[in-house]
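In what follows, a structure is listed as structure tokens, so that the remarks can point back to it.
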2 protein chains.
Amino acid sequence: MDESTELLAVRVAELYYEENKTQDEVGALLGITRWKVGRLLTRAREAGIVRIEIIHPRARRLDVERQLRDRFGLKDAVVVPLPTDDEEVNPRVAQAAADYLAAVRPVPRTLGVSWGRTLDEVARLLAPGWTVGVQVVQINGGVSLNSKQGTAAQTAVTIAQKGHGQATLLPIPAILEQVETKRAIERDRAVASVRALGASASAYLYSAGVAGASSVHVDSGYLSESDVDDLVAKGAVGDVVGRYINSAGKIVDSALDERTVGLGLDELRAAEHAIFVVAGDAKHDVARAVVTSGLCSVIVTDEATAHALLEETT
Amino acid sequence: MDESTELLAVRVAELYYEENKTQDEVGALLGITRWKVGRLLTRAREAGIVRIEIIHPRARRLDVERQLRDRFGLKDAVVVPLPTDDEEVNPRVAQAAADYLAAVRPVPRTLGVSWGRTLDEVARLLAPGWTVGVQVVQINGGVSLNSKQGTAAQTAVTIAQKGHGQATLLPIPAILEQVETKRAIERDRAVASVRALGASASAYLYSAGVAGASSVHVDSGYLSESDVDDLVAKGAVGDVVGRYINSAGKIVDSALDERTVGLGLDELRAAEHAIFVVAGDAKHDVARAVVTSGLCSVIVTDEATAHALLEETT
DNA sequence: CCCGTGTCTGCTCATGTGAGCAAGCACTAC
DNA sequence: GTAGTGCTTGCTCACATGAGCAGACACGGG
């Protein structure tokens, strides 16, 4: 578009959008036909001279969502715009996840949930009465070994309460010290039934952790910082339901994985609804691993993460 | 608008504006009638959920312009949006002034111009061939007493050249030391004829200076910093065509004014087109004085200045 | 209980708008 | 010169849209 056309387009856009004149009136005013006015408006929108934005905490990025769906074969994707305040990213994504969960049809009767900071936030933001009679199952262990006890259970309980349902917890450590202990625990009748219930869930809601010192596993005392360093050295990008994966979505350390209680990744891959909630720049790598390896069928994330996923050269 | 309606409005807005669906389709998708969709869209626009912006260096703020016209009884107003870069404000306003000048109808045959940094910029940005055969007259004295000679004359000459016309300069000091000298100079045949030509101009283009140490008068050596301090103490907010005025638009120091060569303020008030170009936060006070005292019939300014003028409680 | 008042809803209908088309135009290759 | 090519222009026509209206509905006062 050349200089003078552009100027004319601006003038047309001003009269049309700011003065609320009809294309006909604008045309008369500027001595051009209404068709030309229409065409100039189209071009102005395409060229970005006219920008139409939806400013709302819960607004979404539908174009990006479509790209994500197409690129990674997802059933659905929810992308929230980046708020100006970085602090707001997580709550926005959590809110979106909560909204999405409430809207899943058919309504999940049994919902498997993982735990962590992100899911805590989702539970907090979930609308009371989002469904009725849901059965919420904790899909990976998570009694904290230190002070911050109970958040793992709290997440599931909150989600269940708000959905007028019941929570089934998995009150055992996420990672055990000995494979034998893990095996023994899994043989326990009560634990086995929770695991079975978890495996039968019609939907899963989970997030991912970054492999690093800030990991909840370190925070909770399941792993030491050096353990995590080792995992990173082996290619770990982060964890999903307590299991550390590399960029290809494969288990990094099978010995460690053997000591990890909870739903297996393959069960997750086979799930009808595997809703993956992820937000923040630090999680781009894990997010990519999850998405490319088919661990989720639905992703709920922020715009920056979505773009990071899409920018990857295929 | 309550919570759930708002959420629905966002959803509607997304589908309509981002997915380019028709209101009918959106309605079908969300299970509401297309009329409701239309109404929600209207409300979303009103509530600012949907924002339509025109992003262009030469875009204008027509709503603000109208308010300025109505409030101050101006013939016209041009308000340019604030660019993100502060450095850009002056050029944008100058460009707008140049565009406006080129578009004035009937085409001014004789144009009186003042001088200063702002007008220099306007002259620089004026499109070559903006008119033909214009007579440009310098309306206030302005041979600089120091190194930066010639800019005063340069402004008028550039405007004349680009309009394929002729410039008539007023190559005398802006402010003289003695009233007698000023009277003597005004009696000079050549000077008198320039003044007469200036008084007969069909349009004036001028800016304003701030009363302060950064004033061009101090810069050019006509006034000392202490002179300006005195003026400020007497209530001066700035100068217009070399004459210092207070917030009511009145001459602050009549003795000084008597020593100032050039067009009088009353001649400016009586002009058909008195185009006042002003930009920058520092000039809000002068701008207010000019606008409220009827010194201009047209104002060309930036958004911040315009808002400052309008925010004033009447 | 009923009526007035204000808000919301779905409708008709006139008007606004964009897709698609054919003619016009500039520009190029031969 | 002329035919070919791609772009712009004004148009027809079908569709999309908003103003305006009447009925439905909720709410509160008498």
Side-chain angles (χ1 to χ4, degrees), chain A residues 1-56 58-63 65-66 99 102-103 127-129, chain B residues 1-63 65-66 99 103 127-129:
Chain A
M1 186 152 42
D2 68 355
E3 178 75 13
S4 63
T5 315
E6 191 169 315
L7 231 58
L8 188 61
V10 171
R11 193 105 193 80
V12 163
E14 286 171 345
L15 291 166
Y16 185 74
Y17 287 111
E18 296 188 343
E19 299 284 273
N20 290 319
K21 299 194 183 304
T22 68
Q23 298 187 1
D24 226 354
E25 287 175 312
V26 174
L29 221 54
L30 300 178
I32 52 182
T33 61
R34 73 183 188 76
W35 298 284
K36 188 157 183 177
V37 171
R39 279 190 258 259
L40 282 170
L41 285 171
T42 309
R43 290 224 261 162
R45 277 185 304 254
E46 280 167 358
I49 294 174
V50 172
R51 186 187 298 169
I52 300 180
E53 273 182 296
I54 297 172
I55 318 262
H56 194 280
R58 300 210 193 167
R60 290 163 53 180
R61 285 294 137 94
L62 302 177
D63 51 334
E65 294 178 4
R66 188 180 17 253
D99 290 350
Chain B
M1 185 150 47
D2 69 355
E3 178 75 13
S4 63
T5 316
E6 190 168 317
L7 228 61
L8 188 61
V10 171
R11 193 106 192 77
V12 163
E14 286 173 346
L15 291 166
Y16 185 75
Y17 286 112
E18 296 189 341
E19 298 283 273
N20 289 318
K21 299 193 182 303
T22 70
Q23 298 186 359
D24 225 354
E25 287 173 312
V26 174
L29 223 53
L30 300 178
I32 52 181
T33 61
R34 69 183 188 78
W35 298 283
K36 186 156 184 176
V37 172
R39 279 189 259 260
L40 281 170
L41 285 171
T42 310
R43 290 224 261 160
R45 277 184 305 253
E46 281 167 358
I49 293 174
V50 172
R51 188 185 298 168
I52 301 181
E53 271 183 296
I54 296 171
I55 316 234
H56 195 279
R58 300 216 191 164
R60 289 163 54 179
R61 286 292 138 96
L62 302 177
D63 52 334
E65 293 178 2
R66 190 186 11 258
D99 290 350

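Reminder, nothing fancy here: chain letters follow the sequence lines and each chain counts from 1.
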Rounded to the nearest 0.5 Å, how far apart are CZ of B:Arg45 and CD1 of A:Ile52?
9.0 Å

Could you grab the distance from atom CG of A:Leu40 to atom CD of A:Glu6, nearest 0.5 Å is fine?
11.0 Å

Mind listing the N/O atom pairs, protein and nucleotides 10-17 of chain C, below 3.5 Å?
residue : atom : partner : partner atom : Å
C:dG10  : OP2  : B:Thr33 : OG1          : 3.2
C:dG10  : N7   : B:Arg39 : NH2          : 2.5
C:dG10  : O6   : B:Arg39 : NH1          : 3.2
C:dG10  : O6   : B:Arg39 : NH2          : 3.1
C:dT12  : O4   : B:Trp35 : NE1          : 3.2
C:dT17  : OP1  : A:Tyr16 : OH           : 2.6
C:dT17  : OP2  : A:Gln23 : N            : 2.8

Could you state the atom-to-atom distance from CG of B:Leu8 to C1' of C:dC8 in whole Å?
14 Å

Return the NE2 to CG distance between A:His56 and B:Leu7, rounded to the nearest 0.5 Å.
6.0 Å

At a heavy-atom distance below 4.0 Å, which nucleotide of DNA chain D is the first touched by chain B, and which is the last?
D:dA16 to D:dG20

Those residues at least two apart in sequence (or on a different chain) that pass side chain to side chain donor-acceptor pair (under 3.5 Å) with B:Glu19 are A:Arg66

In chain order, what residues pass the side-chain contact (heavy atoms from CB on, under 4.5 Å) check against B:Leu30, with sequence neighbours excluded?
B:Leu8, B:Arg11, B:Val12, B:Leu15, B:Val26, B:Ile32

The helix from C:dC1-D:dG30 to C:dC30-D:dG1: angle between its terminal axes, five pairs each, to 10°?
20°

side-chain contact (heavy atoms from CB on, under 4.5 Å) involving B:Gln23 - partner list, sequence neighbours excluded:
B:Tyr16, B:Val37, B:Leu41

To the nearest 0.5 Å, what is the distance between CD on B:Glu18 and CD on A:Glu65?
9.0 Å

Rounded to the nearest 0.5 Å, how far apart are CD of A:Glu25 and CG of A:Asn20?
10.0 Å

